[in-house]
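The block underneath contains the structure these notes are about, expressed in structure tokens.
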Amino acid sequence: MPMEKTFSPADAEARISDLWIREKVGAAGANARPGAEAFSIMIPPPNVTGSLHMGHAFNNTLQDILIRWHRMQGHDTLWQVGTDHAGIATQMVTERDMALHQEPNRREMGREKFLSRVWQQKVKSRGTIIGQLQRLGASCDWDREAFTMSGAPGAPAGEDGNFHDAVIKVFVDMYNKGLIYRGKRLVNWDPHFETAISDLEVENIEVAGHMWHFKYILADKQTYEYIEKDEDGTITLREVRNYISIATTRPETMLGDGAVAVHPSDARYQSIIGKMVHLPLCDRLIPIIADEYPDPTFGSGAVKITGAHDFNDYQVAKRNNLPMYRLMDTRAQMRADGAPYADAVKRAREIAAGSPTDENEVDALNLVPEKYRGLDRFEARKQVIADINALGLCVSTLHSEIDPETGSEHLTREPFVEAKKIMQPFGDRSKVVIEPMLTDQWFVDTAKIVGPALDAVRSGATKIIPESGEKTYFHWLENIEPWCISRQLWWGHQIPVWYGPAIDQSQHGGLSHDTVSFCAVNASEVQKQAEAHYRAAFGQHVRIHVESGESNSITEVQRQQGVNPSAGTTSALYNADWVPDEITIRRDPDVLDTWFSSGLWPIGTLGWPEQTPELQKYFPTSTLITGADIIFFWVARMMMMQLAVVGEVPFKTVYLHGLVRDAKGKKMSKSLGNVIDPLEIIDEFGADALRFSNAAMASLGGVLKLDTARIAGYRNFGTKLWNACRFAEMNGVWEGHATQAQAPKATATANRWIIGETAKALSEVNAALKDYRFDNAADALYKFVWGKVCDWYVEFAKPLFDGPDAPETRATMAWVLDQSMILLHPMMPFITEDLWSTTGTRAKLLVHTDWPTYGAELLNAEAANEMTFVTTLIEEIRSARAQVHVPVGLKCDLVATELSQAARTAWQRNEALIKRMARIDTLTEGPAPKGSIAVAVEGASLSIPLAGLIDIAEEKARLTKTMDKLAKEIGGLKGRLNNPNFAASAPEEVVDEAKANLALREDEAAKLQAALKRLAEIG
RNA sequence: GGGAGAUUAGCUCAGUGGUAGAGCGCGUCGUUCACAUCGACGAUGUCAGGGGUUCAAAUCCCUUAUCUCCCACCA
């Protein structure tokens, strides 16, 4: 049955994909030679939040190309597939879906039910993702599919891997080594998801904001002389003030101010440092302190300090021992909990006066006046501004207005509000304004584990390409901040720490309101630990009740940890003589940052902590291919974590790529409507076209712009290969012999030439892939298959099929096309696998066919020279004919007026080809007939007699144009060669090349000059 | 404010010292038995501007401009 005219991706891809999956072609070690070196890649696990986008398609194409290339070479390959539980993102998607279907919300459902609901979501999304990868042709080991939460408590059947165990074990180990700690710190709080997030999950975006200026009045009716000077020291303002002017972009936080800070060197405020000011609206006094932080040249030089809601102020407050009053709840509404304001402020005054306290009490103190309690922070801001204005405590400016009627000037006072661009932090998922919040969180002490991660890249143990990625990597790691790893979510790995009441050391040894932590891999371990702890304390056994943490709102957590939010100071609950029957320890309800677990992806998927054979064989992995946007989130953390846990780098090479954008370079986004769904592309053009485009786009360090016109072009490339094979098939080239492992022994020049070209293509592809230059590999293959095989070799073969060299030509064409399929297979697996099976009886699937190893022995300089002569000759004749408008259908004669020895040989041996492809009737040698067009190539001067058929003027113009071009080149070459410095300084081969080039050009010019002269004779 | 990168044909991009390339697009021609998802031929560039190094610069250095991205606490 003859082949169809075009390859039909829709039907072939489904069939072939099924076959690959059924045959487990991507199984770890498939097609490996005994004792072969390992090559392993960890897929960057896609989030189980939906479907894959174009960036995934790109990223996975590159991975598959490398994997297939190595697998065909007989290496022991593993492409580890899997998905990421993506804590916040998945919880968000699930809650959105629940809202859509009018299901009860998460709090109504409770933790356990909600989690099983998320698992459903996970299963659905996971199926979509795996299906997409398979449609793309990814040859992963599907049986090893991993999940970053496999084996977690509550996981449904089929999710019983041990990733969870690995994560928990790492946490416990790091905890025991002191690499993880808990503390009350100012963290980025996402009021939408009501959780802490890490620095990296915050996006700083410039928005239009305002700066307000307020007056804080000095206590006890004090005044001071305020003097302002310009740069020269000339006094520009001198007045007696009873206030200090402060500026703020966040007026609502003034309710929690602990001080006003000025720079110690600021002359304007020297006299009032240490004095107290009235905090507006609050009935509190706060001090003016001196601190290095304020910039005297900015604003008024005085800064209000709100330690609990600003990262700078937090540092100042810590340095100066200022109380930090938390003003908002988890939703960033002004707090409505705790004692009435009057009581709270009374206590605050006591504390300010020196009454002993602790951070928990300060945190419990709600200093939001009743009026603002429960308001959203932005609502509270408006209210605070209005109230301060009403009190006349805003700094105001004089505004002059001319009355159009009377022409008289009115002066009005208006609050001084500057419109100002400010950088505002937003949650990368929630897109709401992040609120700095003082909360208890878990941190990885990154400073302690960053060293080896830096050393590994410095020493080259891990190489990052492109190199600029290394700079980014170093810069971030050299300035590493503690990593906040606790999240107040439900979907994730729950932190394996339980809290119990602490033994009161200071008093009589009873239980206190303080807590003690127990960290262990599971409840029974923690029970043992707690029993041992309390036995030691009480001298006898105490029953331990272990509870799992349910809720994680701030107050809930404190309650569970035994902290009484309303308690004043810690105090012994029980006296020493009394031993409790039972002590309850409660698990920390928080879960771990998703990146903590995906940071363990390399070892976790290979079965660690078990010493599995796969871990032995495939770790450290060979190459990580991932987006440059997650170098900090993931790459750097994997480096730190793997080195901290198993003491080895997770991968030898990291290949970073950019974001895939649309054809115009715009980020693909739903709101712009320019998102391209990889499945739609695959439906329209086929997976191979998409893959080949991806490879061709993958130059190092660039922006990736995806243009469907380009994809269509590569679809056409597939069709081209298909049709070359179709031609070969029609000529029976695959009939009667098995797949040839070796290149055929050929005698015909064209055959010897194309065999050499194939060897060149192989070496180019190998070199390009070795350097991760997927674009160069794609380019080399495109040029070889289309430019050499299809454009020339297929044409050369046509006359050969009619002659004595037919058998070897069939063998050669079969071999060349087989090689084309093999070399293209990593990039275009479907069409090549389909052709492989259509065109012959094959021992193995193409996916497991050996990658060739031939090299220079197949090159043949003689054949290459001869074919270059022939192709150049044909091109020149075609060009000349077309330019002087010789009808394509007209067969001409060709007269050689000059032939070198080599040229004559080539001329004679390839007569049939020249005739066929240049549309020539007879080939003769002799003098140039009158009225002919001229063609000059290396070693030959030719004429095409066309008396009467051509326009002499046109031919003259053509020759003159060519001459002009040559003259320019000759001029340049001569200029260089005549420069004594060139000969003296340039390398010998460059000088020789220039000389040879000049000779060649001069020869060609002479030939054309002669032709031009002959034309002149005609008229 | 700091850092990285980009600027080459109409468009999207290759090109790490030897006188500029590809694909697409464009124009002319084409129904010879692989292919119109094709073939043949053709046109198109002061390689962002300026300066420097060099026998020689798209390429190396300096500088200016424009753009992109990343990081950063100026109230």
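Proteins get letters first, then strands, A, B, ... in listed order; numbering begins at 1 in each.
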Could you run down the sub-3.5 Å N/O contacts of the protein with nucleotides 19-28 of chain B?
unit_1 : atom_1 : unit_2 : atom_2 : d
B:U19  : O4     : A:R976 : NE     : 2.3

task = Find which nucleotide of RNA chain B each of A:R878 and A:K798 is nearest to by heavy atoms, and output the residue with the more 5' nucleotide.
result = A:K798
ask   = For A:E875 and A:R773, take the nucleotide of RNA chain B holding the closest heavy atom to each; which residue's nucleotide lies nearer the 5' end?
value = A:R773
message = What's the closest nucleotide to the side chain of A:A882 if the choices are B:C41, B:C35, B:C55?
response = B:C41
inquiry  = I want to verify a distance call: between B:C55, B:A34, B:U37, whose nearest atom is closest to the A:A724 side chain?
reply    = B:A34
task = Let me know the distance between CG of A:L721 and C1' of B:C38, rounded to the nearest Å.
result = 15 Å
task = Determine the contact category for A:P987: base if any of its heavy atoms lies under 4.0 Å from a base atom, sugar-phosphate if only primed atoms, P, OP1 or OP2 are that close, otherwise nothing.
result = base
inquiry  = Using a heavy-atom cut-off of 4.0 Å across all strands, would you classify A:C725 as base, sugar-phosphate, or nothing?
reply    = nothing
query = Is A:R268 salt-bridged to A:D266, going by a charged N under 4.0 Å from an acidic O?
reply = yes
message = Between A:K783 and A:D779, does any side-chain N to carboxylate O distance fall below 4.0 Å?
response = yes
Mind listing the N/O atom pairs, protein and nucleotides 73-75 of chain B, below 3.5 Å?
unit_1 : atom_1 : unit_2 : atom_2 : d
B:C73  : O2'    : A:N312 : ND2    : 2.6
B:C73  : N1     : A:N312 : OD1    : 3.0
B:C73  : O2     : A:N312 : OD1    : 2.4
B:C73  : O2     : A:N312 : ND2    : 3.2
B:A75  : OP2    : A:K420 : NZ     : 3.0
B:A75  : O2'    : A:A247 : O      : 3.0
B:A75  : N6     : A:D295 : O      : 2.8
B:A75  : N6     : A:F298 : O      : 2.3
B:A75  : N1     : A:D295 : N      : 2.9

ask   = Looking at A:V785, A:V789, A:V794, which one forms a side-chain contact (heavy atoms from CB on, under 4.5 Å) with A:V816?
value = A:V789
query = For the base of B:C35, is there a side-chain donor-acceptor partner from A:K720 under 3.5 Å away?
reply = yes
task = Say whether, by atom type as modelled, one donor and one acceptor occur between the side chain of A:R878 and the main chain of A:M917 under 3.5 angstrom.
result = yes
